[in-house]
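This structure is a prediction, so every number in the text was calculated from the model and none was measured. Just so you know, ligand 1 is whichever comes first in the structure, and atom 1 is the first atom listed for that ligand. Hydrogens, waters and symmetry mates are skipped; everything else that's a heavy atom, side chains included, is used.
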Amino acid sequence: MSNCAIVGINWGDEGKGRMVDLLTQSYDVVVRYQGGGNAGHTVVNEKGKFALHLLPSGIFRDGVVNVLGNGVALDCENLWIEIEDIRSKGVSITPENLKISDRASLLLPWHRDLDALEEARLKDKKYGSTKQGIAPFYSDKYQKKTIMAGELLYPERMQAHLADILEWKNLILNRVYGAEPYTMDQIMAWLNDFGEKIKPFICDTGAFLRNAQSEGKSILFEAQLGSLRDLDYGIYPMTTSSNAIAAYAPVGSGLPSAPMDQVIGVVKAYSSCVGEGPFTCEWFGEEAEKLREAGGEYGAKTGRPRRVGPIDIVATRYGVQCQGATDIALTKLDVLSYLDEIPICAHYTLDGKQTEDFPFPAVLGDAQPVWETMPGWKCDISGIRKWEDLPVAARNYVEYVEQQIGCHITYVSVGPERDSIILR
Ligand code: GDP
């Protein structure tokens, strides 16, 4: 029996899906514990190439039970589209291998509307939202103004609860934003369509997980996004609206007292960032374009070009600390093979002084990168599977990062495929 969280150390898109897909071979249950369908976990395995948005990445493994925990933003419409899409590629998804927490709150159509309306109101000060309704959803959850998935099982009570919420929500839609109000018929039609479709998957996943735990099953907890987008510890307000850190895994999964035996932090061998906000190590122009091309850095959900730059030691060290990582998986080392020299954002300067500490969000935009370089290896490493077979320059780079961030790099990934991995 063991509990392991797989989390992002940086801004997201570190390759968490790829690591969960690999490691699920040793786990019985995989739980997504926070975030919504705005994720894009890319998984490449013998069944094909997939971009998972809300479904846990254990969905491809026979015998693994996947859970959407109470901490997720449950958008029935997009989840159903995703289930149909993955099924059409030959993957079986049934109430046996997918369980949705009855305590997960529902992301409703007006959350997406409000996300778009607020981004439009903000104009050039927008947050760069994926407009999937995540921020309005979590605001409503904490205001106790949405419904839980389990309420779908009690239609009459749900309808009465929804009528109260609708009245309040229409005031905001109409009087704050001047948008069309919703009718009860509209929202019930949506729930009768998509809510009904996911109903067979809804159950008391807390009871299921407690049972799994008492039977000695191994549980993997999967995060969306990374430390720097965590609501409390990230670059607020350019964060997501939930807690992506491992400490939240027990709360958002349905096993509030579960200790984590292992926290695997996923770090990319360089940096990428989707959306707005300070990004100290950012590259621009031709060198950014080359790195973006080499790494295929375009959003899995939106197709947006990601902002890119060299690895950021200051941000990564902070991310490791926030997560309490016990191990690191360093991904996409192969992408750096084209470079003569490997650039590193080794420190920051702030107010004319060098700093190793990640600055407070309000002044992060003033921080300047201090660059260092290490020799490149200039050869294809994607076929290498043993640490000692990596070129010395590549090993030196991994060891340097490890020493700087203060956590053992246990996995080095050299390609997107399941087996393109070096275990140290
Ligand atoms: P996630 O949201 O953290 O799962 O990350 P994404 O799926 O958004 O981004 C990771 C991307 O990198 C995906 O396209 C993966 O297939 C790909 N990938 C993951 N690990 C490696 C690797 O070691 N090398 C290469 N070349 N690609 C990788």
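- Proximity of R18 to T42: side-chain heavy atoms (C-beta onward) are nowhere separated by under 4.5 Å.
- With sequence neighbours left out, E96 forms a salt bridge (Lys or Arg N to Asp or Glu O under 4.0 Å) with no residue at all.
- Contact between G296 and ligand 1 is absent, with no heavy atom of the residue lying under 4.0 Å from the ligand.
- At least one N/O-N/O distance between G415 and ligand 1 falls below 3.5 Å.
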Result block: side-chain N/O donor-acceptor pairs under 3.5 angstrom for residues 362-375, not counting sequence neighbours:
from: E372; atom 1: OE1; to: Y400; atom 2: OH; distance (Å): 3.2
from: E372; atom 1: OE2; to: H347; atom 2: NE2; distance (Å): 3.3

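- Less than 4.0 angstrom separates some heavy atom of R306 from each of these atoms of ligand 1: 8 (O), 9 (O).
- Residue-to-ligand polar distances place G15 within reach of ligand 1: an N/O pair is separated by less than 3.5 Å.
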Between Q34 and N243, does the side-chain hydrogen bond (donor to acceptor under 3.5 Å, both in side chains) criterion hold? Intermediate values first, please.
CA-CA 7 Å; Q34 52 79 225; N243 291 104; over 6 Å; no
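- A salt bridge (Lys or Arg N to Asp or Glu O under 4.0 Å) with E297 is found for exactly one of K268, R307, K290, namely K268.
- Using a 4.0 Å cut-off between heavy atoms, H53 makes no contact with ligand 1 at all.
- Contacts with ligand 1 closer than 4.0 Å are made by no heavy atom of V43, backbone or side chain.
- Within the 4.0 Å heavy-atom criterion, the part of D334 lying near ligand 1 is the side chain and not the backbone.
- For ligand 1 and V414, the ligand atoms under 4.0 Å from any heavy atom of the residue are 23 (O), 24 (N).
- Here's the thing with V335: none of its N/O atoms is less than 3.5 angstrom from an N/O atom of ligand 1.
- Only one option out of N78, I100, I83, L74 pairs with L54 in a side chain to side chain contact (heavy atoms under 4.5 Å, CB included); it is L74.
- Not a single heavy atom of E297 sits less than 4.0 Å from an atom of ligand 1.
- Proximity annotation for atom 19 (C) of ligand 1: of K16, M19, R18, R18 comes nearest, heavy atoms only.
- In terms of polar-atom proximity, defined here as any N/O pair under 3.5 Å, T331 makes no such contact with ligand 1.
- When each of L390, V392, L336 is paired with W377, the side chain to side chain contact (heavy atoms under 4.5 Å, CB included) condition holds for L336 and for no other.
- Heavy-atom proximity to S413, at under 4.0 Å, picks out these atoms of ligand 1: 20 (N), 21 (C), 22 (C), 23 (O).
- Taking the six-membered ring where tryptophan is involved, the planes of Y33 and Y248 are tilted, since the angle between them lies from 30° to 60°.
- By the 30° and 60° cut-offs, the orientation of the rings of H111 relative to F137 is perpendicular.
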